[in-house]
Amino acid sequence: MRVMTWNINSVRLRAPLLAELVKHSAPDVVCLQETKTPDEHFPREVLEKLGYPHIAFVGMKGYNGVAILSKFPLEDIRTFPRCLKEDCRHIAAKVMQDDKTAFDIHNLYVPAGGDKPDPVINDKFQHKLDFVDELSEFFPKHHANDEPMIVVGDLNIAPLENDVWSHKQMLKVVSHTPVEVEKLNDFYRSMGWIDAVRHFVPDEEKLYSWWSYRARDWEASDRGRRLDHIWVTDPLKEKLKSQQVLKTVRGWERPSDHAPVIIDIDM
DNA sequence: ATGGTGGTCCTACCA
């Protein structure tokens, strides 16, 4: 079972890139963030033809939006308004294999949080902190950690020192500030999640999934951050087989600023 | 300290 997560930054603009990507990597389940498309304009038929007959999505005009594409049937599709907003940042479904639930998958797009890492003067940062708090409460309340579950998405936080190009220079930059890293760690501990990518890549090793559009040469400067994550609950831990961060996709023509992240699970 | 690029959709807003 191959699960991929990718912040696609407009599903309509980059459907051709997605086609190329799935031809190369053949994921069974694809979770997309920042689809930036209202439901009535979601390119369902185009994505079905890529080999994904089962699709769940929720979107809005211009911003946000998440989708799950699957080769396996999806059941119990849920969307969650969070922080008293209808902003299309959380969708979940059960992935079915042989008429049984293989796992419950949650696809998240955590608010980026604006520029200033101060919740008093920057309500986008407050929203980000509240959003992660809400997740820490939600999961233990509605799920048990002996359920096979996967959380994926653009969490917009790089928690480890080697999830950013310079830990010291990033401490006051939104995505790596201690307050939001601590919030993410609370969420991480809330279900005893396992970071499926760091399961294979030692914490001492630099690993990024995002490079800014603003760099003159993103690859040469390599000032990346690991914002995109795949976490699993304990029942899936021993089934984890491998991980990939597809950095080359960041170098394709008209790319997303995020690279796709893949996990293989022995199901 | 600043601005750098890109997507959506027309004027800023968000990342």
Side-chain angles (χ1 to χ4, degrees), chain A residues 5-21 31-43 46-47 57-67 81-90 107-119 121-132 152-158 163-166 168-177 180-181 183-184 208-229 247-261:
Chain A
T5 179
W6 189 31
N7 179 320
I8 192 169
N9 190 14
S10 174
V11 70
R12 283 181 287 181
L13 188 70
R14 277 184 252 283
L17 248 60
L18 181 61
E20 195 62 26
L21 180 57
C31 292
L32 302 173
Q33 303 86 35
E34 283 206 85
T35 53
K36 293 187 172 176
T37 306
D39 293 347
E40 62 270 27
H41 295 135
F42 191 89
V46 174
L47 303 188
F57 55 89
V58 62
M60 58 194 274
K61 189 172 169 179
Y63 309 112
N64 311 333
V66 283
R82 298 232 157 272
C83 302
L84 307 173
K85 294 170 192 278
E86 299 281 339
D87 58 357
C88 309
R89 294 175 179 274
H90 184 178
N107 181 12
L108 299 169
Y109 175 50
V110 172
D115 284 333
K116 298 222 180 337
D118 179 349
I121 58 166
N122 173 11
D123 38 0
K124 289 185 208 149
F125 195 66
Q126 183 68 60
H127 179 210
K128 182 180 201 175
L129 300 179
D130 290 345
F131 192 99
V132 179
V152 311
D154 177 2
L155 305 185
N156 265 315
I157 299 171
D163 290 342
V164 293
W165 64 279
S166 165
K168 205 177 156 206
Q169 285 175 262
M170 288 287 297
L171 280 168
K172 290 180 176 168
V173 177
V174 170
S175 70
H176 193 63
T177 65
E180 58 192 307
V181 167
K183 292 283 186 202
L184 191 71
Y208 317 134
S209 65
W210 174 90
W211 292 261
S212 172
Y213 283 128
R214 295 175 191 176
R216 277 197 197 91
D217 184 336
W218 70 275
E219 198 167 16
S221 60
D222 199 26
R223 296 187 168 192
R225 308 176 195 173
R226 191 171 72 105
L227 304 179
D228 303 274
H229 301 271
K247 186 177 175 180
T248 53
V249 175
R250 179 64 180 80
W252 287 3
E253 205 173 325
R254 288 260 262 172
S256 164
D257 44 354
H258 294 254
V261 180

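Small disclaimer: the values here were computed from a predicted structure and weren't measured. We name chains A, B, ... by the order of the sequence lines, and we start the count at 1 in each one.
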Take A:Glu34 and A:Pro255, find for each the nucleotide of DNA chain B with the closest heavy atom, and name the residue whose nucleotide sits nearer the 5' end. A:Pro255
Nearest-nucleotide wise, let me know which of A:Val11 and A:Tyr213 is further upstream toward the 5' end of DNA chain B.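 The answer here is A:Tyr213.
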Out of B:dG6, B:dC13, B:dA15, whichever nucleotide has its closest atom nearest the side chain of A:Arg14: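 When the side chain of A:Arg14 is considered, B:dG6 is the closest of B:dG6, B:dC13, B:dA15.
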Counting side-chain heavy atoms from CB outward, which of B:dT8, B:dC14, B:dA15 is closest to A:Leu13?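 Of the candidates, B:dT8 comes closest.
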Please say which of A:Asp228, A:Asn9, A:Thr5 ends up in a side-chain hydrogen bond (donor to acceptor under 3.5 Å, both in side chains) with A:His258.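 Answer to the side-chain hydrogen bond (donor to acceptor under 3.5 Å, both in side chains) test with A:His258 among A:Asp228, A:Asn9, A:Thr5: A:Asp228.
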Contact check, side chains of A:His176 and A:Asp163, non-hydrogen atoms, under 4.5 Å: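 No - every pair of side-chain heavy atoms lies 4.5 Å or more apart.
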Does the side chain of A:Ser175 reach to within under 4.5 Å of the side chain of A:Asn156, using non-hydrogen atoms? no
Whole angstrom is fine here: how far is it from [atom1] in [X] over to [atom2] in [N]?
X: A:Met60; N: B:dG7; atom1: CE; atom2: C1'; value: 14 Å
X: A:Trp210; N: B:dT5; atom1: CH2; atom2: C1'; value: 11 Å
X: A:Leu155; N: B:dA15; atom1: CG; atom2: C1'; value: 16 Å
X: A:Lys36; N: B:dT8; atom1: NZ; atom2: C1'; value: 7 Å
X: A:Asp87; N: B:dC13; atom1: CG; atom2: P; value: 18 Å
X: A:Asn64; N: B:dC14; atom1: CG; atom2: C1'; value: 9 Å
X: A:Asn9; N: B:dT5; atom1: CG; atom2: P; value: 16 Å

Write down the distance separating the P atoms in B:dA1 and B:dC14, rounded off to the nearest Å. 24 Å
Rounding to an integer number of angstrom, what distance separates B:dC9 and B:dA15 when you compare their C1' atoms?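 Taking atom C1' in both B:dC9 and B:dA15, they lie 16 Å apart.
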Whether A:Asp118 and A:Lys116 form a salt bridge (side-chain N of Lys/Arg under 4.0 Å from carboxylate O of Asp/Glu) is what I want to check.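 Looking at A:Asp118 together with A:Lys116, the answer is no, because their closest N to O distance does not fall below 4.0 Å.
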With a 3.5 angstrom cut-off on both distances, give the Watson-Crick or G-U wobble partner of B:dC14, or none if there isn't one.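 Because both required distances fall under 3.5 Å, B:dC14 counts as paired with B:dG6.
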Under 4.0 Å between a side-chain N or O of [X] and OP1 or OP2 of [N]?
X: A:Arg254; N: B:dG7; answer: yes
X: A:Arg12; N: B:dT8; answer: no
X: A:Lys61; N: B:dT8; answer: no
X: A:Ser10; N: B:dG6; answer: no

Mind checking if A:Arg223 touches a base, just sugar-phosphate, or nothing, with heavy atoms under 4.0 Å?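 Touches nothing.
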Across the strands shown, which category fits A:Arg89 at heavy-atom distances under 4.0 angstrom: base, sugar-phosphate, nothing?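 Since only primed, P, OP1 and OP2 atoms lie under 4.0 Å of A:Arg89, the category is sugar-phosphate.
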Shortest non-hydrogen contact from A:Phe131 toward A:Pro111: CG-CD, 3.5 Å
